[in-house]
Protein chains: 2
Amino acid sequence: MPIALRPSQSLRLLQQFTLSEVRDDAPDLTLRQMAILLTIYLDPPPHTVRGLAARLGVSKPVITRALDTMGALKLVSRHRDQLDKRNVLIRRTVEGALYVERLGDAIIAKAMELPI
Amino acid sequence: MPIALRPSQSLRLLQQFTLSEVRDDAPDLTLRQMAILLTIYLDPPPHTVRGLAARLGVSKPVITRALDTMGALKLVSRHRDQLDKRNVLIRRTVEGALYVERLGDAIIAKAMELPI
DNA sequence: TTTGAATGAAACGGAACCGAAACAATTAGC
DNA sequence: GCTAATTGTTTCGGTTCCGTTTCATTCAAA
């Protein structure tokens, strides 16, 4: 059975989620950064700058800069591909996995609280 | 019956939603702007800068700047409260309602596509 | 009426982000 | 080997956002 949401439920869920993120002490990611992070953690590896840029429909510098920021936050890490040294492989980190897990928990909690 | 989501479903839903927003031509709002916009459109009015700042747990300048940006996008409008001219009342707009409605539709569509 | 509190906006310096273009490093094709 | 293509990064000028502080306006209380 697919997940069926009514319009008011979907918007309330999004509101509660964004509010919890804003209120939280954890660093706020931009929408783009969040899309990149989730793609790295949900889609099967390997992940490259080029591949992520294509997945998001943005330019490569957008990915590079987002990886700079999230790398400083230790949410992802970069490593040169030894088979093709032009490539950079983006890998998951423990901190990133925790961050993503926390996102999922927040959504589940807010979904549970939704009025019927 | 409350909305029950499994962790993988909640994260996949968030990924699909953020990806659709990033890919979309519509201007990307920051998480804070989105929280403000949804609060204005979902919570009962009146909405003031001070009230929104308290609701989000941020400072007033954060609200003022976000209203500047979203006002330029015509997603919200500002009006002086004639009863207490210190207050600024934030009101909804047609464009903002459409933007919010589109957000809800995107979530519903992505939720329907989730694997069981 | 005058002092103090409350509200929202503006100013400030610093940081991050944007699109576009140019760039070095590496690989592929001939 | 040598040219062309690919990959990711850097640079550029400009914009937006941030936190903090300061300010103007308005209301409330004495």
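So that the names make sense, note that chain A is the first sequence line, chain B the second, and so on, each numbered from 1.
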Quiz item: Within the pair B:N87 and C:dG8, is there a side-chain N or O less than 4.0 Å away from OP1 or OP2?
Solution: yes
Quiz prompt | Closest to the A:T64 side chain, choosing from D:dG8, C:dC17, C:dG8 | solution = D:dG8
Quiz item: Is a side-chain donor-acceptor pair under 3.5 Å present for A:R6 with A:S8?
Solution: yes
Self-check item: Interatomic distance, B:M34 CE vs D:dC17 C1' [rounded to whole Å]
Solution: 16 Å
Quiz item: B:L31 has an atom CG; how far is it from atom P of C:dC17, in whole Å?
Solution: 14 Å
Self-check item: Whole angstrom value for the distance that separates C1' of D:dC17 from CD1 of B:I63
Solution: 13 Å
Quiz item: To the nearest Å, how far apart are A:R78 CZ and D:dG8 P?
Solution: 11 Å
Quiz prompt | Side-chain-base donor-acceptor pair under 3.5 Å for A:R65 and D:dG8 | solution = no
Quiz item: Out of C:dG19, D:dC18, D:dG8, which nucleotide sits closest to the side chain of A:R32?
Solution: C:dG19
Quiz item: In Å and rounded to the nearest 0.5 Å, what is the CG to OH distance from A:L73 to A:Y99?
Solution: 8.0 Å
Self-check item: Residue-phosphate contact under 4.0 Å: A:T69 side-chain N/O, C:dC17 OP1/OP2
Solution: yes
Self-check item: Gap between atoms CG and P, on B:L56 and D:dG19 respectively (whole Å)
Solution: 12 Å
Self-check item: Point-to-point distance, once rounded to the nearest 0.5 Å, from OG1 of B:T93 to NZ of B:K74
Solution: 9.0 Å
Quiz item: How would you label the contact of A:R50 with the nucleic acid (heavy atoms, under 4.0 Å): base, sugar-phosphate, or nothing?
Solution: sugar-phosphate
Exercise. Find the distance A:L29:CG to D:dC17:P and express it as a whole number of Å.
Key: 17 Å
Practice problem: Rounded off to whole Å, could you give me the CG-to-P distance for the B:L52 and C:dG8 pair? | Solution: 9 Å
Quiz item: So what does A:K85 hit on the nucleic acid, given a heavy-atom distance under 4.0 Å: a base, only sugar-phosphate, or nothing?
Solution: sugar-phosphate
Exercise. With DNA chain C as reference, determine whether A:V62 or A:L83 sits nearer its 5' end, using the nearest nucleotide of each.
Key: A:V62
Practice problem: Mind calculating the distance between CG (B:D81) and C1' (D:dT26) to the nearest angstrom? | Solution: 11 Å
Quiz item: Under 3.5 Å, is there a donor-acceptor pair between the side chain of A:R12 and the main chain of B:L42?
Solution: yes
Quiz prompt | Under-4.0 Å salt bridge between B:E21 and B:K110 | solution = no
Quiz item: Checking all strands, does A:Q33 fall into the base, sugar-phosphate, or nothing category for heavy-atom contacts under 4.0 angstrom?
Solution: sugar-phosphate
Quiz prompt | Worked check of salt bridge (Lys or Arg N to Asp or Glu O under 4.0 Å) between A:R23 and A:D28 | solution = CA-CA 10 Å; A:R23 287 173 171 282; A:D28 284 358; over 6 Å; no
Practice problem: Could you tell me whether B:R92 atom CZ has more than 12 heavy atoms of other residues or ligands within 6.0 Å of it? | Solution: yes
Quiz item: Would you call A:R86-A:D81 a salt bridge at under 4.0 Å N-O?
Solution: no
Quiz item: Which listed nucleotide (C:dA9, C:dG19, D:dT9) is nearest to the side chain of B:P61?
Solution: C:dA9
Hey, what are the protein-to-nucleotides 28-30 of chain C N/O distances that come in under 3.5 Å?
none

